[in-house]
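Written below as structure tokens is the structure these notes are about.
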Amino acid sequence: MSIAVAPVPDGLLSRPLSHVVGAATARALRSLDLATVGDLLWHVPRRYAQRGQLTDLAELVPGEQATVLARVQQVTVRPMRRRRGQVMDVVVTDGHETLRLAFFSVRGPQRALVEGRVGLFAGKVDLYRGSRQLVHPEFLLIDASPDAGVADEALQFAGDLIPVYPATQSMSSWRLAKAVATVLRPLQQMPDPIPPDVARARGLQDRLGALRTVHDPPDRESLATALTRLRFEEAFVLQVELARRRAAAMALPATPRHGADSGLLAAFDRRRPFRLTAAQQRVGAEIAAELTRPHPMHRLLHGDVGTGKTVVALRAMLAVIDAGGQAALLAPTEVLAQQHERTLRAMLGPLAEGGLLGGADIGTRLVLLTGSSSAARRRQALQDIADGTAGIVVGTHALLSEQVRFLDLGLIVIDEQHRFGVEQRAALAERAGSTHRPHVLVLTATPIPRTIAMTVFGDLDISVLGEAPPGRAPIATHVVAVQDRPHYLRRAWERLREEVEAGRRVYVVCPRIGEAASDSPPAGATGEEDWWATDEDATTPGTAVLDLAEQLRAGALSGVEVAVLHGRMTAEDKDAAMAAFISGAAPVLVCTTVIEVGVDVPEATAMVVVDADRFGVAQLHQLRGRVGRGSHTSVCLLLTRAPSGSPARDRLEAVAATTDGFALAELDLLQRREGDLLGVAQSGRRSSLRLLSPRRDVALIGQARQDAVALVAADPELREHPDLAAEVRRMTGERADYLERA
Ligand code: ADP
Ligand code: MG
């Protein structure tokens, strides 16, 4: 739900490029995904070549498209061996390295390639007899021509900095520059989404000037000023939209839920076997207060693995039930939903048996609804949900289905939200059963990619559980370099056997499932894991669950019961595997990242991650969080074949060196493309950020946010700011997947 933006006629920036540049150029630009004038103007150079500073040719990577600035060192023309015609070999240099340019004809423009001339050369880097070459590269000579008769191409770029654009085979960097110039040259003015008073207060350059500068900068200083202006604009427009959505969401009605003094929550607190940590108490109070407001809560609860988010969420749910409402807990996978149901049932005891023999008088009913629930259970669950008998409903995205109607849904808890899109949140809100919106609490242990982005961009309020419950034994993590020390691998499996013999459980995590699993899900599989898990792609190289399980059964762990768990199993098989693991009937679980989030088996004390270098830093931290949940010392072994000193190996060493999730999140962020931050990677669309980097531009984003909030408070419909309104519309069109229905 959002407030309408005052309409304005579509202007200059949305004009199709085919109206402005030639048809052939427009077509070539399309191959770069550039369709409108705005697309082209914001397609800024990737880097700038400095006149007089030749490109380091040693850095060219075979197979990649490259644009280099180099000097012609030698030209050889010789006849072709088998055919008529001539071959032209040009060697260019950066002063140290050389690069060969091969032309299989000597036509007009190539005659200008004479010793000493400097130019841009673009093409795909090949290897020819062990040295790098470009075959038939596009080129543009940029030095003043020694031959006065030849038109001076150098004039094309005025300054010392020559823009180098992300280019393709069909569109060289300088042809792109020419197209940009064609578009920019006639412009006298341009609509500007930043209001003049904001621009003045922040000392920002005008928009058209900034665009001219980034596409042809006179010097580095002007370039920096221009980039700041464009980045601020991007941040500002985004923040205006977020502020508008936030304001709209805050204005919606919600039923205030005042807890009761002697209700379910009080009864639960009496039977709770541990004291809340100070952090749990603080966050609990924050949430309780917000639940009593007549507008919906939108809160993100971030806490590293094992900080006890579930109890906090459960207490919020109980407060809502005490106030006459229902609560839903949405989990990303079947395994997790089942585990949540078991955990909550165990924590609540008789309090979850309301209306049943042996249940507490004030008790409520806890129901589980997933894609694999039998028809009879499903019917019963739907009825309990609809008539309000079920106070707590735990489920997967099956809860989003049309048939689910709550009597009075007061609170939605979403576990591990990075698996759920904003749209799923909205879909569940629609099942609420009243015109009032439910309160929303999102739990996450993964501050990246979305959480850090939201801290900066923020469409949710954020609570942090910064402290783990006392008495946790630390997890010792070791990198095991299988290559260097083969006997370490034997030792790793021995270590697992020792844990098992001491009555503990161990996980063995692999990057893929294996060939023996058919490509399509078995009959009866819900497909829920496939719905989100991309890590189980069977084409990924690396050790497979099914292969390794066989090897371990036959070898290192013979005599030990080994269970297998992965996303292609049926729900019943998964449940059976988990049950065998939890009970200890099968103390070893060989699995994929299906256990990545939330699985809680306190007896698990060891984990081996095979081919650990195939996992991301944050993912490894999540995985490791599955052990060390009880009081026994735990160990996590990261097996890798990555050589010492490689980036992959360094990442693993970093994970081994700290258990600080925030520090690792930072590291992960540094290695991630910023565009992924808004979750676009998950939806398969291209990056939605053009120039902005949430990492680099934190301060600037903060300022933009401040200005945006003030502006939206004064003019929520942007009536006074038509240029801004147009820009917001343009942006939301591009980013609908992220912002839609927030
Ligand atoms: P996470 O934040 O990773 O979801 P959980 O909610 O699963 O963490 O809690 C991890 C474990 O710690 C659970 O077994 C839970 O019962 C236990 N726990 C939670 N809060 C406390 C506390 N205050 N004191 C002791 N144990 C706690
Ligand atoms: Mg959890």
Side-chain angles (χ1 to χ4, degrees), residues 44-62 64-78 86-128 131-181 212-223:
V44 303
R46 171 183 293 162
R47 61 189 172 86
Y48 298 85
Q50 173 92 44
R51 210 181 285 275
Q53 266 176 32
L54 304 179
T55 311
D56 186 354
L57 296 177
E59 285 184 2
L60 294 184
V61 180
E64 283 186 1
Q65 189 75 26
T67 302
V68 300
L69 186 60
R71 178 182 304 107
V72 177
Q73 187 178 55
Q74 191 185 30
V75 179
T76 326
V77 177
R78 55 186 164 81
Q86 292 176 312
V87 185
M88 184 172 173
D89 262 332
V90 178
V91 176
V92 296
T93 180
D94 61 5
H96 308 279
E97 296 280 319
T98 58
L99 175 70
R100 176 174 179 259
L101 316 179
F103 296 95
F104 297 110
S105 66
V106 186
R107 276 193 257 101
Q110 285 148 30
R111 294 190 193 282
L113 292 172
V114 293
E115 202 184 311
R117 297 219 55 189
V118 173
L120 289 166
F121 304 90
K124 194 159 142 242
V125 183
D126 276 344
L127 274 185
Y128 177 74
S131 38
R132 282 164 295 199
Q133 69 166 10
L134 305 179
V135 177
H136 269 291
E138 301 275 321
F139 64 91
L140 175 72
L141 295 174
I142 59 144
D143 53 347
S145 169
D147 175 356
V150 176
D152 195 354
E153 301 259 34
L155 293 179
Q156 178 151 4
F157 303 109
D160 272 349
L161 295 171
I162 298 161
V164 179
Y165 295 89
T168 62
Q169 206 94 40
S170 58
M171 179 51 74
S172 66
S173 180
W174 51 92
R175 250 184 92 200
L176 213 139
K178 219 168 180 173
V180 171
R212 288 198 203 283
T213 300
V214 295
H215 289 292
D216 191 6
D219 52 60
R220 296 261 169 210
E221 206 183 342
S222 321
L223 176 62

Legend entry - Test log, rule side-chain contact (heavy atoms from CB on, under 4.5 Å), inputs V77 and F103: CA-CA 9 Å; V77 177; F103 296 95; over 6 Å; no
Inset, instruction - Would you confirm whether H136, through its side chain, and F104, through its main-chain N or O, come within 3.5 Å as a donor-acceptor pair? - result: yes
Legend entry - Pairwise side-chain contact, F121 with L113, heavy-atom cut-off 4.5 Å (strictly under): yes
Legend entry - Sub-4.5 Å side-chain heavy-atom contact between H96 and L57: no
Inset, instruction - Starting at CG of D219, measure out to OG1 of T213 and round the result to the nearest 0.5 Å. - result: 9.0 Å
Inset, instruction - Enter the distance from D94:CG to L99:CG here, rounded to the nearest 0.5 Å. - result: 9.0 Å
Legend entry - Heavy-atom check, side chain of T67 versus side chain of W174, under 4.5 Å: yes
Inset, instruction - Verify, without hydrogens or angle tests, whether R132 (side chain) and A58 (backbone) share a donor-acceptor contact under 3.5 angstrom. - result: yes
Inset, instruction - State, with a plain yes or no, whether a side-chain heavy atom of L101 is found less than 4.5 Å away from one of V72. - result: no
Inset, instruction - State, to 0.1 Å, how close P163 and P45 come at their nearest heavy-atom pair, and which atoms those are. - result: CB-CG, 3.5 Å
Legend entry - V61 vs V125 side-chain heavy atoms within contact, under 4.5 Å: no
Legend entry - 4.5 Å side-chain heavy-atom contact, K124 and L134: no
Inset, instruction - Report yes if the side chains of E115 and V75 come closer than 4.5 Å at any heavy-atom pair, otherwise no. - result: no
Inset, instruction - For the residue pair R175 and Y165, establish whether any side-chain heavy-atom pair is separated by less than 4.5 Å. - result: no
Legend entry - Whether over 12 other heavy atoms sit under 6.0 Å from Q86 CD: yes
Legend entry - Exam field: side chain T93 to backbone T98, donor-acceptor pair closer than 3.5 Å: no
